[in-house]
Participant: 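Before I ask anything, let me first share the structure, which is written out below as structure tokens.
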Amino acid sequence: MTLRIGWLTTGRGEGSRRLYRATRDAIGAGELAAEMAVFFCNRDPGEAAATDELLEEARADGVPVVTRSSVAFRRARSGERSRPGEPLPSWRADYDLAVAEALAAYPFEIGVLAGYMLILTGGFVGRHALLNFPPALPTGPAGTWREVICELIRTRATESGVMMHLAIAEVDAGPVASFCRYPLRDAELLPLWRELEPALDGATDRELEASPLFAAIRRRGLRHEAPLLVATLAAVADGRLRLAGGRRLEGAPLELPAPPPP
């Protein structure tokens, strides 16, 4: 049986393109028994050049493309921007309903949030099984990728990882589907730790983010995302990860092997 995938993205940068290409190529190579049912973007053509390029790539691949500008929707309703730590403004539920209605013509079994920069409302995640990418192991730390890397450095962590979980209304929460881990104290990173160590305890987040160690950890995380996504989708397609009732997982999360170094 062919797994139907719904792709949801804002399409802001190279990371979104890398994830899309990895999944598309795995399907084309017969490594993933799936098809792209729909490619949804919360930007309309003309809003950003990088997004336009990705939209055109999906169209050239023959994937149905649907766009609904969240910015235009908010402005049309004179709505406020979402603020971290605060309840979503009322227009967001209306927007997610409009998106759900637009996607109804393209049914899919599993959705992928690939650089989708909106927090989803409970109504939307209640309709679809959606895989999200927290940039850490199931044990944490939690937060954005910048926050996670700063915490890894401050705590002098020895390993980290990438995981995929089913999205729920709470941010960065939900049942873990899969994860992989990678070391932070190998021959490549140890010299960078030693270089930063004398200034580590008093360093600000901005100073940590400017360090070579921060950049190296970020590269390592990005390198693991696409292989983990493809492996997770393959596990859903072949039944190793089962969706019960269409929107929740059965069984324990899969720990998948990390890809070999480049």
Side-chain angles (χ1 to χ4, degrees), residues 1-11 15-42 54 58 61-66 68 96-97 99-135 138 162-180 224-256:
M1 184 174 179
T2 300
L3 180 70
R4 290 177 58 82
I5 299 170
W7 199 264
L8 289 82
T9 186
T10 303
S16 300
R17 185 175 290 107
R18 185 186 304 110
L19 292 171
Y20 171 75
R21 288 175 176 171
T23 305
R24 175 202 62 194
D25 293 349
I27 292 171
E31 300 168 1
L32 175 57
E35 63 177 311
M36 291 282 192
V38 64
F39 183 106
F40 175 76
C41 184
N42 67 304
L54 187 54
D61 292 334
V63 181
V65 172
V66 177
R68 293 286 186 279
D96 279 5
L97 179 59
V99 172
E101 291 173 347
L103 295 180
Y106 309 93
F108 55 88
E109 284 84 47
I110 192 79
V112 176
L113 301 173
Y116 191 68
M117 303 308 295
L118 296 180
I119 296 172
L120 292 165
T121 58
F124 193 87
V125 297
R127 291 170 179 255
H128 300 289
L130 301 165
L131 289 171
N132 194 25
F133 273 103
V162 181
M163 65 173 158
M164 301 207 71
H165 70 78
L166 282 183
I168 60 175
E170 289 76 20
V171 178
D172 289 335
V176 177
S178 62
F179 65 97
C180 67
H224 287 70
E225 285 186 351
L228 180 65
L229 172 59
V230 172
T232 303
L233 291 172
V236 175
D238 66 23
R240 284 175 292 143
L241 277 174
R242 296 185 302 278
L243 292 170
R247 290 186 299 277
R248 61 186 180 85
L249 289 167
E250 286 184 339
L254 298 178
E255 181 171 1
L256 298 167

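In what follows, residues are counted from 1 in the order of the sequence shown.
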Participant: Mind checking whether L113 and L131 have side chains closer than 4.5 Å, heavy atoms only?
Facilitator: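 When only atoms from C-beta onward are counted, L131 and L113 do not touch, as no gap falls below 4.5 Å.
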Participant: Measure the spacing between CG of L103 and CG of L8 and express it to the nearest 0.5 Å.
Facilitator: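 These two atoms lie 6.0 Å from each other.
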Participant: Taking all non-hydrogen atoms of both residues into account, name the closest pair between A37 and P64 and its distance.
Facilitator: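 Closest approach of A37 to P64, heavy atoms only: O-CG, 3.4 Å.
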Participant: Can you name the closest pair of heavy atoms from A129 and E109 and give their distance?
Facilitator: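 Looking at all heavy atoms of both residues, the shortest contact is CB-O, 3.9 Å.
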Participant: Excluding sequence neighbours, so at least two apart, what forms side chain to side chain contact (heavy atoms under 4.5 Å, CB included) with T10?
Facilitator: R12, N42, R43, Y116, M117
Participant: Does anything in residues 29-42 pair up under salt bridge (charged side-chain N to carboxylate O under 4.0 Å, His left out), and if so which pairs, sequence neighbours excluded?
Facilitator: R4-E35
Participant: Going from CG on N132 to CG on L120, what distance comes out if it is rounded to the nearest 0.5 angstrom?
Facilitator: 8.0 Å
Participant: Could you go through V63 and V38, starting from their C-alpha distance and side-chain angles, then the distance that decides it, and tell me whether this counts as side chain to side chain contact (heavy atoms under 4.5 Å, CB included)?
Facilitator: CA-CA 6 Å; V63 181; V38 64; 5.8 Å; no
Participant: Identify, with sequence neighbours excluded, every residue that meets ring pair (Phe, Tyr, Trp, His ring centres under 6.0 Å) alongside F40.
Facilitator: none
Participant: Just verifying a value: how many Å separate M36 CE and W7 CH2, rounded to the nearest 0.5 Å?
Facilitator: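 Those atoms lie 4.5 Å apart.
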Participant: Within the 4.5 Å heavy-atom criterion, are Y106 and V66 side-chain neighbours or not?
Facilitator: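 Yes, at least one pair of side-chain atoms sits under 4.5 Å.
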Participant: What's the spacing between L97 CG and T121 OG1 if we round to 0.5 Å?
Facilitator: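 Result: 8.5 Å between the selected atoms.
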Participant: At what distance, to the nearest 0.5 angstrom, does CD of E101 lie from CZ of R127?
Facilitator: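 Result: 7.0 Å between the selected atoms.
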Participant: Please examine the side chains of I5 and F108, heavy atoms only from C-beta on, and report whether any two atoms are closer than 4.5 Å.
Facilitator: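 Counting from C-beta outward, F108 and I5 never come under 4.5 Å.
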Participant: Report the residues that fulfil ring pair (Phe, Tyr, Trp, His ring centres under 6.0 Å) with F124, sequence neighbours left out, ordered by chain and then residue number.
Facilitator: H128
Participant: Would you call L54 and S16 a side-chain contact if the rule is heavy atoms closer than 4.5 Å?
Facilitator: yes
Participant: Not counting sequence neighbours, which residues clear side-chain hydrogen bond (donor to acceptor under 3.5 Å, both in side chains) with R18? List them please.
Facilitator: none
Participant: For side chain to side chain contact (heavy atoms under 4.5 Å, CB included), just list the numbers for L166 and L130, CA-CA rounded to whole Å, side-chain angles, deciding distance to a tenth of an Å, and then say yes or no.
Facilitator: CA-CA 5 Å; L166 282 183; L130 301 165; 5.8 Å; no
Participant: A102 and R68: which non-hydrogen atoms are nearest, and at how many Å?
Facilitator: CB-NH2, 3.6 Å
Participant: Please tabulate, for side-chain N and O atoms in residues 19-28, each donor-acceptor pair with protein atoms closer than 3.5 Å (sequence neighbours left out).
Facilitator:
| residue | atom | partner | partner atom | Å |
| --- | --- | --- | --- | --- |
| Y20 | OH | D61 | OD2 | 2.6 |
| R21 | NE | E57 | OE1 | 3.4 |
| R21 | NE | E57 | OE2 | 2.8 |
| R21 | NH2 | E57 | OE1 | 3.1 |
| T23 | OG1 | L19 | O | 3.0 |
| R24 | NH1 | E57 | OE2 | 2.9 |
| R24 | NH1 | D61 | OD2 | 3.2 |

Participant: Output all residues satisfying side chain to side chain contact (heavy atoms under 4.5 Å, CB included) with A231, sequence neighbours left out; order by chain, then residue number.
Facilitator: L256
Participant: Does a side-chain heavy-atom distance below 4.5 Å link I168 with P175?
Facilitator: yes
Participant: Can you list everything that forms a side-chain hydrogen bond (donor to acceptor under 3.5 Å, both in side chains) with T232? Sequence neighbours excluded, please.
Facilitator: S178
Participant: Rounded to the nearest 0.5 Å, what separates atom CZ in F133 from atom CG in L228?
Facilitator: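 If we round to the nearest 0.5 Å, F133:CZ and L228:CG are 6.5 Å apart.
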